[in-house]
There are 2 protein chains.
Amino acid sequence: MAVDSFFEALASRPRREILAYLSAQELTAGEIASRFAMSAPAISRHLSVLEGAGLVSSERRGQYVVYRLNKDNLVNTLTGFAFEICPKAGPLKRESRRLARKES
Amino acid sequence: MAVDSFFEALASRPRREILAYLSAQELTAGEIASRFAMSAPAISRHLSVLEGAGLVSSERRGQYVVYRLNKDNLVNTLTGFAFEICPKAGPLKRESRRLARKES
DNA sequence: TATATATTTAGCAACTTCGTTAATTGCTTA
DNA sequence: TAAGCAATTAACGAAGTTGCTAAATATATA
(Lines give C-alpha, C1' and ligand atoms only; values in the text may rest on other atoms or scores of the structure.)
Protein backbone atom coordinates (compact mmCIF):
# COMPACT_ATOMS: atom_id res chain seq x y z
CA MET A 1 0.00 0.00 0.00
CA ALA A 2 1.12 3.51 -0.75
CA VAL A 3 0.49 4.78 2.75
CA ASP A 4 2.75 2.06 4.16
CA SER A 5 5.83 3.15 2.23
CA PHE A 6 4.88 6.76 2.85
CA PHE A 7 4.97 6.52 6.65
CA GLU A 8 7.87 4.11 6.55
CA ALA A 9 9.85 6.73 4.62
CA LEU A 10 8.96 9.47 7.10
CA ALA A 11 10.01 7.35 10.09
CA SER A 12 13.63 8.46 9.81
CA ARG A 13 15.10 11.73 10.95
CA PRO A 14 17.70 11.99 8.16
CA ARG A 15 14.97 11.35 5.57
CA ARG A 16 12.77 14.07 7.04
CA GLU A 17 15.76 16.41 7.00
CA ILE A 18 16.34 15.63 3.34
CA LEU A 19 12.74 16.61 2.64
CA ALA A 20 13.26 19.85 4.53
CA TYR A 21 16.33 20.67 2.42
CA LEU A 22 14.44 19.85 -0.76
CA SER A 23 11.51 22.02 0.27
CA ALA A 24 13.66 25.08 -0.43
CA GLN A 25 15.22 24.01 -3.72
CA GLU A 26 16.26 21.16 -5.98
CA LEU A 27 19.57 19.57 -5.01
CA THR A 28 21.91 16.97 -6.46
CA ALA A 29 22.61 13.78 -4.55
CA GLY A 30 26.07 15.09 -3.73
CA GLU A 31 24.80 18.43 -2.47
CA ILE A 32 22.43 16.59 -0.17
CA ALA A 33 25.13 14.24 1.07
CA SER A 34 27.45 17.17 1.83
CA ARG A 35 24.86 18.48 4.32
CA PHE A 36 25.06 15.32 6.43
CA ALA A 37 27.79 13.62 8.47
CA MET A 38 27.02 10.42 6.65
CA SER A 39 28.50 8.61 3.66
CA ALA A 40 27.20 9.24 0.15
CA PRO A 41 26.02 5.62 -0.22
CA ALA A 42 23.92 5.95 2.92
CA ILE A 43 22.31 9.12 1.57
CA SER A 44 21.76 7.45 -1.77
CA ARG A 45 19.81 4.71 -0.09
CA HIS A 46 17.70 7.21 1.86
CA LEU A 47 16.95 8.97 -1.40
CA SER A 48 15.79 5.76 -3.01
CA VAL A 49 13.48 5.07 -0.07
CA LEU A 50 12.00 8.55 -0.43
CA GLU A 51 11.63 8.07 -4.17
CA GLY A 52 9.98 4.68 -3.71
CA ALA A 53 7.45 6.34 -1.42
CA GLY A 54 6.71 8.98 -4.04
CA LEU A 55 7.99 11.77 -1.83
CA VAL A 56 10.77 12.90 -4.18
CA SER A 57 11.57 12.58 -7.88
CA SER A 58 14.96 12.38 -9.54
CA GLU A 59 16.32 13.35 -12.90
CA ARG A 60 19.77 12.68 -14.26
CA ARG A 61 21.43 15.86 -15.49
CA GLY A 62 24.78 15.08 -17.02
CA GLN A 63 26.87 13.36 -14.42
CA TYR A 64 24.64 14.61 -11.63
CA VAL A 65 21.29 13.37 -10.39
CA VAL A 66 18.96 16.14 -9.28
CA TYR A 67 16.29 15.47 -6.65
CA ARG A 68 13.17 17.48 -6.03
CA LEU A 69 10.35 17.27 -3.51
CA ASN A 70 6.91 16.00 -4.60
CA LYS A 71 4.98 18.50 -2.53
CA ASP A 72 1.55 17.56 -3.81
CA ASN A 73 1.90 13.91 -2.96
CA LEU A 74 3.26 14.70 0.48
CA VAL A 75 0.48 17.12 1.37
CA ASN A 76 -2.29 15.01 -0.15
CA THR A 77 -1.27 11.82 1.64
CA LEU A 78 -0.84 13.63 4.93
CA THR A 79 -4.21 15.31 4.56
CA GLY A 80 -5.91 12.10 3.51
CA PHE A 81 -4.59 10.35 6.57
CA ALA A 82 -5.66 13.13 8.91
CA PHE A 83 -9.10 13.04 7.33
CA GLU A 84 -9.35 9.29 7.84
CA ILE A 85 -8.51 9.55 11.52
CA CYS A 86 -10.23 12.81 12.37
CA PRO A 87 -13.10 13.14 9.91
CA LYS A 88 -15.22 15.53 11.88
CA ALA A 89 -12.97 17.79 13.91
CA GLY A 90 -9.69 19.62 14.15
CA PRO A 91 -7.93 22.31 12.15
CA LEU A 92 -7.68 20.19 9.01
CA LYS A 93 -11.40 19.81 8.69
CA ARG A 94 -12.15 22.45 6.11
CA GLU A 95 -9.14 21.74 3.92
CA SER A 96 -9.75 18.02 4.01
CA ARG A 97 -13.31 18.40 2.85
CA ARG A 98 -12.17 20.66 0.05
CA LEU A 99 -9.60 18.10 -1.03
CA ALA A 100 -12.12 15.25 -0.89
CA ARG A 101 -14.48 17.18 -3.13
CA LYS A 102 -11.75 17.96 -5.60
CA GLU A 103 -10.75 14.31 -5.93
CA SER A 104 -14.20 12.81 -6.33
CA MET B 1 12.37 14.64 19.91
CA ALA B 2 8.59 14.42 19.87
CA VAL B 3 8.37 14.26 16.12
CA ASP B 4 10.67 11.25 16.10
CA SER B 5 8.43 9.09 18.27
CA PHE B 6 5.40 10.46 16.45
CA PHE B 7 6.48 9.26 12.99
CA GLU B 8 7.99 6.11 14.44
CA ALA B 9 4.59 5.29 15.93
CA LEU B 10 2.78 5.91 12.65
CA ALA B 11 5.19 3.71 10.69
CA SER B 12 3.18 0.58 11.45
CA ARG B 13 -0.02 -0.53 9.80
CA PRO B 14 -1.52 -2.15 12.92
CA ARG B 15 -0.81 1.02 14.91
CA ARG B 16 -2.51 3.18 12.28
CA GLU B 17 -5.47 0.80 12.34
CA ILE B 18 -5.69 1.14 16.11
CA LEU B 19 -5.88 4.91 15.68
CA ALA B 20 -8.67 4.46 13.14
CA TYR B 21 -10.65 2.30 15.58
CA LEU B 22 -10.12 4.83 18.35
CA SER B 23 -11.22 7.69 16.12
CA ALA B 24 -14.77 6.41 16.43
CA GLN B 25 -14.88 5.66 20.17
CA GLU B 26 -12.92 4.82 23.28
CA LEU B 27 -12.02 1.13 23.57
CA THR B 28 -10.46 -1.12 26.18
CA ALA B 29 -7.20 -2.90 25.43
CA GLY B 30 -9.11 -6.15 25.10
CA GLU B 31 -11.67 -4.72 22.70
CA ILE B 32 -8.86 -3.45 20.53
CA ALA B 33 -7.01 -6.77 20.63
CA SER B 34 -10.18 -8.64 19.64
CA ARG B 35 -10.23 -6.69 16.36
CA PHE B 36 -6.83 -8.02 15.31
CA ALA B 37 -5.46 -11.43 14.46
CA MET B 38 -2.62 -10.78 16.89
CA SER B 39 -1.96 -11.67 20.52
CA ALA B 40 -2.99 -9.34 23.32
CA PRO B 41 0.61 -8.76 24.41
CA ALA B 42 1.50 -7.62 20.89
CA ILE B 43 -1.39 -5.15 20.92
CA SER B 44 -0.40 -3.99 24.37
CA ARG B 45 3.04 -3.13 23.11
CA HIS B 46 1.61 -1.23 20.13
CA LEU B 47 -0.59 0.71 22.52
CA SER B 48 2.37 1.68 24.65
CA VAL B 49 4.23 2.90 21.57
CA LEU B 50 1.23 5.02 20.62
CA GLU B 51 0.95 6.35 24.14
CA GLY B 52 4.66 7.15 24.28
CA ALA B 53 4.21 9.19 21.12
CA GLY B 54 1.32 11.09 22.67
CA LEU B 55 -1.15 9.78 20.12
CA VAL B 56 -3.41 8.04 22.64
CA SER B 57 -4.10 8.26 26.37
CA SER B 58 -5.10 5.49 28.73
CA GLU B 59 -7.07 5.35 31.93
CA ARG B 60 -7.57 2.35 34.18
CA ARG B 61 -11.25 1.72 34.84
CA GLY B 62 -11.67 -1.15 37.27
CA GLN B 63 -9.97 -4.14 35.81
CA TYR B 64 -10.01 -2.64 32.31
CA VAL B 65 -7.77 -0.05 30.71
CA VAL B 66 -9.56 2.31 28.37
CA TYR B 67 -7.71 3.97 25.49
CA ARG B 68 -8.73 7.09 23.63
CA LEU B 69 -7.29 9.02 20.70
CA ASN B 70 -5.48 12.33 21.28
CA LYS B 71 -6.89 14.00 18.20
CA ASP B 72 -5.44 17.43 18.89
CA ASN B 73 -1.89 16.19 19.20
CA LEU B 74 -2.22 14.08 16.07
CA VAL B 75 -3.60 16.88 13.95
CA ASN B 76 -1.27 19.54 15.32
CA THR B 77 1.88 17.49 14.77
CA LEU B 78 0.81 16.49 11.30
CA THR B 79 -0.01 20.07 10.42
CA GLY B 80 3.20 21.36 11.93
CA PHE B 81 5.22 18.95 9.86
CA ALA B 82 3.39 19.80 6.65
CA PHE B 83 3.98 23.46 7.39
CA GLU B 84 7.71 22.88 7.93
CA ILE B 85 8.07 21.08 4.60
CA CYS B 86 5.62 23.06 2.49
CA PRO B 87 5.49 26.53 4.04
CA LYS B 88 4.22 28.36 1.01
CA ALA B 89 2.01 26.11 -1.04
CA GLY B 90 -0.49 23.28 -1.03
CA PRO B 91 -3.91 22.70 0.46
CA LEU B 92 -2.70 22.97 4.05
CA LYS B 93 -1.46 26.50 3.59
CA ARG B 94 -4.33 28.42 5.08
CA GLU B 95 -4.92 26.11 8.02
CA SER B 96 -1.22 25.95 8.82
CA ARG B 97 -0.94 29.69 8.96
CA ARG B 98 -3.94 29.86 11.20
CA LEU B 99 -2.41 27.30 13.53
CA ALA B 100 0.93 29.11 13.60
CA ARG B 101 -0.77 32.33 14.58
CA LYS B 102 -2.73 30.62 17.30
CA GLU B 103 0.37 29.12 18.89
CA SER B 104 2.58 32.19 18.87
C1' DT C 1 41.21 6.02 -25.00
C1' DA C 2 42.38 7.15 -20.38
C1' DT C 3 41.28 9.66 -16.24
C1' DA C 4 38.42 12.04 -13.01
C1' DT C 5 34.05 12.93 -10.75
C1' DA C 6 29.16 11.62 -9.41
C1' DT C 7 26.22 8.15 -8.01
C1' DT C 8 24.60 3.70 -7.06
C1' DT C 9 25.02 -1.28 -5.85
C1' DA C 10 27.07 -5.16 -3.05
C1' DG C 11 28.43 -7.26 1.02
C1' DC C 12 28.88 -7.01 5.89
C1' DA C 13 28.14 -6.27 11.09
C1' DA C 14 25.42 -3.92 14.68
C1' DC C 15 21.10 -2.79 16.12
C1' DT C 16 16.02 -2.58 16.33
C1' DT C 17 11.39 -4.18 15.61
C1' DC C 18 7.79 -7.60 15.68
C1' DG C 19 5.22 -11.34 17.06
C1' DT C 20 5.03 -15.56 19.97
C1' DT C 21 4.40 -17.97 24.54
C1' DA C 22 5.08 -17.96 29.53
C1' DA C 23 5.05 -15.49 33.66
C1' DT C 24 3.56 -11.51 36.39
C1' DT C 25 0.67 -7.72 38.11
C1' DG C 26 -3.94 -5.44 39.02
C1' DC C 27 -8.59 -5.69 40.11
C1' DT C 28 -13.10 -7.99 41.23
C1' DT C 29 -15.88 -11.21 43.50
C1' DA C 30 -17.14 -15.44 45.92
C1' DT D 1 -8.14 -15.69 51.05
C1' DA D 2 -8.75 -17.94 46.75
C1' DA D 3 -10.18 -18.00 42.02
C1' DG D 4 -10.81 -15.66 37.69
C1' DC D 5 -10.46 -12.21 34.13
C1' DA D 6 -7.72 -8.10 32.12
C1' DA D 7 -3.55 -6.33 30.97
C1' DT D 8 1.32 -5.89 30.97
C1' DT D 9 6.19 -7.43 31.23
C1' DA D 10 9.86 -10.87 30.21
C1' DA D 11 12.46 -13.75 27.22
C1' DC D 12 13.14 -15.50 22.81
C1' DG D 13 13.98 -16.00 17.64
C1' DA D 14 12.99 -14.22 12.94
C1' DA D 15 13.25 -10.47 10.02
C1' DG D 16 14.27 -5.86 8.67
C1' DT D 17 16.95 -1.35 8.95
C1' DT D 18 21.16 1.40 9.18
C1' DG D 19 25.58 2.66 8.47
C1' DC D 20 30.19 1.45 6.75
C1' DT D 21 33.82 0.32 2.97
C1' DA D 22 34.79 -1.52 -1.51
C1' DA D 23 33.39 -2.20 -6.06
C1' DA D 24 30.68 -1.10 -10.09
C1' DT D 25 28.22 2.09 -13.31
C1' DA D 26 27.53 6.77 -15.77
C1' DT D 27 29.03 10.80 -17.63
C1' DA D 28 32.42 14.43 -18.76
C1' DT D 29 36.79 15.85 -20.42
C1' DA D 30 41.77 15.78 -21.69
Side-chain angles (χ1 to χ4, degrees), chain A residues 1-22 24-70 77 81, chain B residues 1-22 25-70 81:
Chain A
M1 222 183 196
V3 97
D4 286 343
S5 59
F6 176 84
F7 280 110
E8 187 57 47
L10 291 183
S12 153
R13 173 119 65 151
R15 283 196 290 266
R16 289 193 304 274
E17 287 179 17
I18 290 174
L19 295 181
Y21 283 125
L22 290 178
Q25 57 188 312
E26 298 186 345
L27 292 170
T28 69
E31 287 170 333
I32 295 168
S34 73
R35 287 161 165 75
F36 289 84
M38 198 184 296
S39 68
I43 294 296
S44 177
R45 176 149 351 153
H46 283 306
L47 286 169
S48 86
V49 171
L50 289 170
E51 186 159 32
L55 287 168
V56 306
S57 307
S58 69
E59 175 197 353
R60 181 167 276 276
R61 209 170 287 171
Q63 68 192 137
Y64 301 92
V65 175
V66 178
Y67 284 86
R68 89 181 128 286
L69 183 65
N70 288 350
T77 306
F81 174 72
Chain B
M1 221 183 198
V3 96
D4 285 341
S5 59
F6 176 84
F7 280 109
E8 188 57 47
L10 291 183
S12 151
R13 172 123 61 153
R15 283 196 289 267
R16 290 193 304 274
E17 287 180 16
I18 291 174
L19 296 181
Y21 283 125
L22 290 177
Q25 57 187 312
E26 298 186 347
L27 292 169
T28 70
E31 287 170 333
I32 295 168
S34 72
R35 287 162 164 74
F36 289 85
M38 198 184 295
S39 67
I43 294 296
S44 179
R45 175 147 350 155
H46 283 307
L47 286 168
S48 87
V49 171
L50 288 169
E51 187 160 31
L55 288 168
V56 306
S57 305
S58 68
E59 176 198 352
R60 179 168 277 277
R61 208 170 288 172
Q63 67 190 138
Y64 300 91
V65 176
V66 178
Y67 284 87
R68 86 180 130 287
L69 183 65
N70 288 348
F81 174 72

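Letters A, B, ... mirror the listed sequences (proteins, then strands); counts begin at 1.
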Response to the item:
From the list B:V49, B:L19, B:N70, B:I32, side-chain contact (heavy atoms from CB on, under 4.5 Å) partner of B:V56 resolves to B:L19
Worksheet item: Are any of the side-chain nitrogens in A:R13 or B:E8 under 4.0 Å away from the carboxylate oxygens of its partner?
Response: no
Response to the item:
Sorted by position of nearest nucleotide on DNA chain D, 5' first, the leading residue of A:E8 and A:A40 is A:E8
Item to complete: Could you pick out which residue, A:G30 or B:P41, lies toward the 5' side of DNA chain C when each is mapped onto its nearest nucleotide?
Response: A:G30
Worksheet item: Taking only side-chain nitrogens and oxygens of A:S39, does any of them come within less than 4.0 Å of OP1 or OP2 of D:dC20?
Response: yes
Discussion item. For the aromatic rings, using the six-membered ring if either is Trp, is the centroid distance between A:F81 and A:F6 under 6.0 Å?
Written reply: no
Worksheet item: Relative to the 5' end of DNA chain D, which residue comes earlier, A:G62 or A:A11, by the nucleotide with the nearest heavy atom?
Response: A:A11
Discussion item. What is the distance, to the nearest angstrom, from the CZ atom on B:R60 to the P atom on C:dG26?
Written reply: 8 Å
Worksheet entry | Gap between atoms CD and C1', on B:E59 and C:dC27 respectively (whole Å) | 15 Å
Worksheet item: Is there a donor on the side chain of A:Q63 or the base of C:dT5 sitting less than 3.5 Å from an acceptor on the other?
Response: yes
Item to complete: For C:dT7, take OP1 and OP2 only and decide whether either is under 4.0 Å from a side-chain N or O of A:T28.
Response: yes
Discussion item. Measure NE2/B:H46 against C1'/C:dG19 and give the value in whole Å, please.
Written reply: 8 Å
Worksheet item: Would a line drawn from the ring center of A:Y67 to the ring center of A:Y21 be shorter than 6.0 Å?
Response: no
